[in-house]
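The sequence lines fix the lettering, A, B, ..., with proteins before strands; numbering per chain opens at 1. Because the structure is a prediction, the values reported are computed rather than measured.
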Protein chains: 2
Amino acid sequence: MATNKARRVTMSDVARHAGVSRTTVSFVLNERADAGIPEETRLRIRASIEELGYRPNAGARALAAKRSEWYGLITEIVTAPFAVDVIKGAQDRAWADGKFLLITAGDRDRAMEAAAFDKLLEQRAEGLLYATTWHRAVTLPPAAREVPVVLVNCFDADGALPSVVPDEVAGGHTATRRLLDAGHRRIGFINLDTGIPAAVGRRQGYEQALREAGLDIDDSLVVPGHATADGGYAAACELLDREGDRPTALFCGNDRMAMGAYDAIKERGLRIPDDIAVIGFDNQELIAAYLRPGLTTVALPFEFMGAKGVDMLGALTAGQPLDTTQMKVDCPLIERSSV
Amino acid sequence: MATNKARRVTMSDVARHAGVSRTTVSFVLNERADAGIPEETRLRIRASIEELGYRPNAGARALAAKRSEWYGLITEIVTAPFAVDVIKGAQDRAWADGKFLLITAGDRDRAMEAAAFDKLLEQRAEGLLYATTWHRAVTLPPAAREVPVVLVNCFDADGALPSVVPDEVAGGHTATRRLLDAGHRRIGFINLDTGIPAAVGRRQGYEQALREAGLDIDDSLVVPGHATADGGYAAACELLDREGDRPTALFCGNDRMAMGAYDAIKERGLRIPDDIAVIGFDNQELIAAYLRPGLTTVALPFEFMGAKGVDMLGALTAGQPLDTTQMKVDCPLIERSSV
DNA sequence: GCGCTTTAGTAACGCGCGTTAGTACGATGT
DNA sequence: ACATCGTACTAACGCGCGTTACTAAAGCGC
């Protein structure tokens with residue numbers, strides 16, 4: 001706490017200590033290959049930096065150089081761990097690009113979110129990533145137009161902003177296909193309950209896979225449910241207790257619903273995967289890995305989307321055009337023991 | 001993307017547009033009550049700011065004012081949602097204090113963590129919060145000494161840095177007490193498996209509560225387990241299948257273990273809470289709220305710890321001394337239906 | 001000994017802003 | 001009529017740095 005009032009070491013201090021001009025120190029710091037500094041001087045300056053504990057002032061540097069070298073990430077920080085993976089992917093990629101990534105939670109309320117944009121822009125972020133926890137359309141505050149922005153796991157309502165989203169159709173197809181490959185022919189689908197992209201896309205993929213396998217679509221096998229364990233439980237009950245032949249496999253709209261489905265199945269004395277196969281969606285580690293047996297599921301590629309978002313941001317800030325405004329990324333299958 | 005190369009609006013632009021000097025604009029922006037600016041001028045300047053879309057440059061401002069008005073938060077971003085609550089608490093509190101909070105993930109590797117400190121210090125953060133996902137001792141990179149730092153959910157190995165941690169003893173006491181109040185006398189304790197503060201403290205609280213109730217400590221009722229659902233399952237089996245009278249209640253070291261314990265209990269045809277009561281720890285929403293029946297558990301007050309950490313940081317940066325180096329905060333009981 | 005090139009630097013400006021010291025001007029008191 | 005005082009500003013400096021333009025000295029060929 002003693003270091004509080006002490007004036008911090010500046011480049012001039014380093015220059016004086018090394019017996020050179022401030023310009024020379026700057027050249028060494030920025031490793032400018034032109035205007036050649038001899039090795040001996042370089043080392044002397046580096047030694048002075050070390051000895052004095054000099055630390056460049058990023059604000060002053062950004063001011064003079066007119067670029068800040070960092071991106072901002074605004075994300076909904078909710079209990080779901082999704083945001084976490086986006087952060088990982090984005091931060092690692094930014095780091096590899098020599099950029100820094102600063103994060104802000106944006107889900108408190110609308111005003112706070114706008115304030116987050118303002119703050120990040122005041123800090124002169126070179127670009128912004130905006131990530132949501134569930135795939136949907138968003139509208140950003142007007143401030144977002146002042147700097148390159150890439151949307152992650154969401155898309156602009158009026159299609160102007162570039163985005164990277166999961167390929168829901170392919171994901172639904174992958175899950176269904178996996179069950180088909182295991183020999184199942186009557187596959188129940190506990191879908192998410194509204195017209196959100198995940199529900200629409202996954203159902204489309206589900207039907208497509210069935211059709212490719214030469215099967216008819218049986219609408220009574222598709223039951224919407226609330227996106228919770230209880231919702232999954234109720235929907236699973238409905239499918240398991242139906243008249244006629246019940247499904248031999250359940251494709252659940254997310255892992256929480258699969259968790260409920262497990263309960264319904266176990267209650268009826270059925271075993272997973274022997275009597276009924278279950279496949280989930282989201283690959284929510286806390287659930288999927290700890291359910292017994294482990295839940296085979298389709299992962300949302302949050303980490304990859306985060307990384308890809310940074311890539312796109314890099315291209316945008318460099319002034320390069322993007323080949324596609326909306327990039328769809330695949331959802332990989334995670335095998336455990338429920339199929 | 002067109003706004004990329006355009007020079008940004010500066011205070012001078014605003015001054016020119018409003019027909020005043022830059023100083024006057026600065027006074028208005030900083031709402032300096034002395035050197036009175038008449039209402040009319042103030043409004044004119046505000047109008048110019050609006051019209052030109054002026055946005056202050058935080059870097060330049062920090063440079064001139066010698067303070068940045070923001071804190072940094074370095075946290076392990078792991079799949080567990082704990083960090084998320086710390087972020088919420090810290091961000092809201094910082095916001096209320098007129099400070100901004102920028103977050104960085106620090107758990108990739110040691111080098112990246114040190115780099116995160118460096119970067120935040122280069123940006124001239126006024127103070128740093130360092131948060132972990134599980135309560136333990138940490139050692140920070142030396143750079144951490146350059147600025148006030150508060151540890152959240154962890155503590156400095158050599159006790160020099162201020163910290164805010166959960167009161168594990170009180171938490172263990174609370175959980176045990178709840179079961180005692182429900183009439184249980186034989187309470188099994190599935191503890192975390194190593195000498196970490198959580199395991200040590202909670203056991204201490206458990207024993208203390210039993211003693212206060214006039215009960216003897218039966219060491220055979222305390223079973224350590226791996227901190228997973230499988231670990232909880234195994235430990236629960238051991239307790240349920242033991243010789244002699246089995247416990248009527250289980251206190252689980254965390255919610256994941258409780259999840260496993262549920263399975264063990266259900267397998268034996270026992271019902272929760274009628275035949276066996278279960279209480280968890282952590283209040284991990286994804287598990288506790290979605291288990292059936294809902295898991296009564298003790299919450300780790302992450303959000304509150306985050307807020308408290310910011311408070312301490314505020315005091316430190318203001319040069320005020322702290323009353324305690326280590327602050328312990330209570331772990332509240334979350335009632336659901338498993339007791 | 002002279003001009004030319006390379007080496008090894010440096011002086012000085014400006015980035016956008018906060019702040020201090022000072023000024024012009026009208027109103028007030030006597 | 002003049003000194004005094006508040007009002008409403010402004011000029012100018014410096015924060016720490018990147019960068020451009022320039023220079024002094026050394027090396028080299030003839």
Worksheet item: What residues form a side-chain hydrogen bond (donor to acceptor under 3.5 Å, both in side chains) with B:K119, not counting sequence neighbours?
Response: none

Worksheet item: Just how far, in rounded Å, is C1' of C:dG9 from CD1 of A:I45?
Response: 10 Å

Fill in: Pairs touching residues 127-141 of chain A that satisfy salt bridge (charged side-chain N to carboxylate O under 4.0 Å, His left out), sequence neighbours left out
A:E76-A:R136

For residues 60-70 of chain B, please give each side-chain donor-acceptor pair under 3.5 Å, one per line with the distance, not counting sequence neighbours.
residue	atom	partner	partner atom	Å
B:R67	NH1	B:E69	OE2	2.6
B:S68	OG	B:R124	O	2.6

Worksheet entry | B:H17: partners by ring pair (Phe, Tyr, Trp, His ring centres under 6.0 Å), with sequence neighbours left out | none

Worksheet item: To the nearest 10 degrees, what angle separates the axes at the start and end of the helix from C:dG1-D:dC30 to C:dT30-D:dA1, five pairs each?
Response: 50°

Practice prompt. Under the ring pair (Phe, Tyr, Trp, His ring centres under 6.0 Å) rule, collect the residues that match up with B:F302, sequence neighbours excluded.
Written response: B:F82

Worksheet item: Once you round it to whole Å, what is the distance between P of D:dT19 and CD of A:E31?
Response: 13 Å

Discussion item. If the threshold is 4.0 Å, N to carboxylate O, is there a salt bridge linking B:E40 and B:R44?
Written reply: yes

Fill in: Nearest-Å distance for atom pair CZ/C1', residues B:R32 and C:dT19
7 Å

Worksheet, complete the sentence: Contacts of A:F304 meeting ring pair (Phe, Tyr, Trp, His ring centres under 6.0 Å) (sequence neighbours excluded), chain-then-number -> none

Discussion item. How would you summarise protein contacts on nucleotides 10-17 of chain D per nucleotide, using B for base, S for sugar-phosphate only and - for none, with heavy-atom distances below 4.0 Å?
Written reply: BBB-BBBB

Practice prompt. Could you tell me which residues satisfy side-chain hydrogen bond (donor to acceptor under 3.5 Å, both in side chains) with B:E51, sequence neighbours excluded, listed by chain and number?
Written response: none

